[in-house]
Participant: 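One structure coming up, written as structure tokens, with questions to follow.
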Amino acid sequence: MIHKLEPHTTNKPLWNAGEECRKHWRVYCLTSAITLCITLIILYSIPASYSAQVSIADEKKENGILIGLKTWEGWLNNSNPLSKAEVDMNDILVYSQYIDSYDFWEEVSHVAIPGNKTDYYSHIAKKEKGKKREEIIATIHDKIKYQVFSRYATATIQVTDENPYVAAVMADSVASHLLFRMTKYRKKLAKTALTDERREYASCRKNYAAIQTKYSLYVDNHQDVAEPSGQSKIDSLQKERDNAFKLLQDAAMKYARAEAMAMQNIRSFSIVKSASVPLKPSAPNIGGYLSALMIINGIITTWGILIRRKIKESARN
């Protein structure tokens, strides 16, 4: 007699995780309501902050035209005949590096807030009680942000504060201080370049005068020379004089440009857009907080339901 073998099975009922979670929809509703209340409490406890922005643009073209370049050459980065230091000062990235310096944060902290009868440092210190000066200066740095668009030689400076008026005042002040410092440093570079070019021009002029005198004396004393060696000497002295004259011309042009740069009041950049503050606070981000906490709530609730079912199954066995 042949017996049919039946597959070995257990009496444990199978359960589906999705179905199990669907059965506890009331739990999800309850935890979501609690999460919503917690989110509102958190948002209410966080003070609203506003961000003021200022847009600036570099003055490469105008400065290039000023020192003698053609209009189209003024747009090119590598056509500037000035020293590398001065060319670098025309780079919009240099401005952002200066904003990141501690000296700049220290300088900005002394800006007076009109109507508040206090400076920016005292304004921040009221909210940062018990902190050292270095920590307060670091807080000021955290409130100053920037974004550089090197391709278009523009940058956006942003200052965030709980008071929109203070944010606007500080955004304009940061741009003004940056313009003052960059312009002052460019003037210093221009004066240094002028001194160097003046010295170079004087040296070339002295050298040309000596070669010209040497050439004139030799020609005057050898007017009737017919030998090839004598004529060759005259040609050599003439070529030396022409080269010295070309160097003198180049030095004179560089000296004139350096003198023009030193005399002019050159703006390192222009303020394309003055400080503006949106009516809507930049922080806290209600949507971001709510989404993050709801996702966390959903994950924790789901794991809780599944772990509870697993514990029940283990206890039943």
Side-chain angles (χ1 to χ4, degrees), residues 13-55 96 99-100 105 108-109 113 116 120-132 134-149 155-171 174 275-316:
L14 298 177
W15 57 279
N16 183 274
E19 186 64 29
E20 185 68 21
C21 293
R22 197 176 297 112
K23 291 178 181 179
H24 295 81
W25 62 270
R26 292 184 180 83
V27 177
Y28 282 101
C29 293
L30 178 61
T31 55
S32 297
I34 295 174
T35 301
L36 179 61
C37 294
I38 294 174
T39 303
L40 294 177
I41 293 173
I42 293 175
L43 293 175
Y44 182 78
S45 63
I46 299 176
S49 58
Y50 298 83
S51 297
Q53 293 184 344
V54 174
S55 298
S96 60
I99 292 176
D100 278 335
W105 311 338
V108 169
S109 68
I113 307 298
N116 287 17
Y120 191 53
Y121 177 87
S122 301
H123 173 75
I124 299 298
K126 290 179 181 178
K127 308 169 189 176
E128 305 287 337
K129 294 181 180 180
K131 289 190 177 182
K132 298 179 180 178
E134 293 76 12
E135 295 175 332
I136 297 177
I137 296 297
T139 301
I140 292 176
H141 169 245
D142 293 337
K143 291 180 175 293
I144 302 174
K145 304 295 181 182
Y146 61 84
Q147 186 175 11
V148 175
F149 306 94
T156 300
I157 301 173
Q158 176 179 290
V159 179
T160 303
D161 196 87
E162 296 173 12
N163 188 330
Y165 172 72
V166 174
V169 169
M170 290 309 303
V174 168
S276 59
V277 185
L279 297 176
K280 184 180 178 181
S282 59
N285 188 338
I286 298 177
Y289 272 94
L290 185 59
S291 299
L293 291 177
M294 282 298 183
I295 292 174
I296 294 173
N297 164 69
I299 295 173
I300 294 176
T301 303
T302 301
W303 276 103
I305 292 172
L306 297 179
I307 291 174
R308 180 172 176 270
R309 176 58 187 265
K310 188 68 177 177
I311 292 174
K312 282 185 175 182
E313 288 290 328
S314 300
R316 190 178 301 168

Participant: Measure across Ala52 and Ala167 and return the closest heavy-atom pair with its distance rounded to 0.1 Å.
Facilitator: CB-O, 3.3 Å

Participant: What's the shortest heavy-atom distance between Gly298 and Tyr28, and which atoms?
Facilitator: O-CE2, 4.2 Å

Participant: Using the test side-chain contact (heavy atoms from CB on, under 4.5 Å), find all partners of Trp25 that sit at least two apart in sequence or belong to another chain.
Facilitator: Cys29

Participant: Please answer whether the main-chain N or O of Ile99 pairs with a side-chain N or O of Trp105 as donor and acceptor at a distance below 3.5 Å.
Facilitator: yes

Participant: Show, in sequence, the C-alpha distance, side-chain angles and deciding distance for Val159 and Val169, and conclude whether the side-chain contact (heavy atoms from CB on, under 4.5 Å) test is met.
Facilitator: CA-CA 9 Å; Val159 179; Val169 169; over 6 Å; no

Participant: To the closest 0.5 Å, what do you measure between OG1 (Thr31) and CG (Asn297)?
Facilitator: 4.0 Å

Participant: Considering the options Gln147, Lys145, Gln53, which one meets the side chain to side chain donor-acceptor pair (under 3.5 Å) requirement together with Gln158?
Facilitator: Gln53

Participant: Run the side chain to side chain donor-acceptor pair (under 3.5 Å) check on His123 and Asn163 step by step: do they pass?
Facilitator: CA-CA 10 Å; His123 173 75; Asn163 188 330; 5.8 Å; no

Participant: Would you say Lys127 and Thr139 make side-chain contact, with heavy atoms under 4.5 Å?
Facilitator: no

Participant: Quick one: closest heavy-atom pair of Lys131 and Glu128, and the distance?
Facilitator: NZ-OE1, 2.7 Å

Participant: Rounded to the nearest 0.5 Å, how far does OG1 of Thr301 lie from CD1 of Ile296?
Facilitator: 11.5 Å

Participant: Hey, does Tyr146 have a side-chain heavy atom less than 4.5 Å from the side chain of Asp100?
Facilitator: yes

Participant: For the CD1 atom of Ile300 and the CD1 atom of Ile295, what is their distance to the nearest 0.5 Å?
Facilitator: 12.0 Å

Participant: Under a 4.5 Å cut-off applied to non-hydrogen side-chain atoms, are Met170 and Ile113 in contact?
Facilitator: yes

Participant: Are Tyr120 and Asp161 side-chain neighbours, meaning at least one heavy-atom pair lies under 4.5 Å?
Facilitator: yes

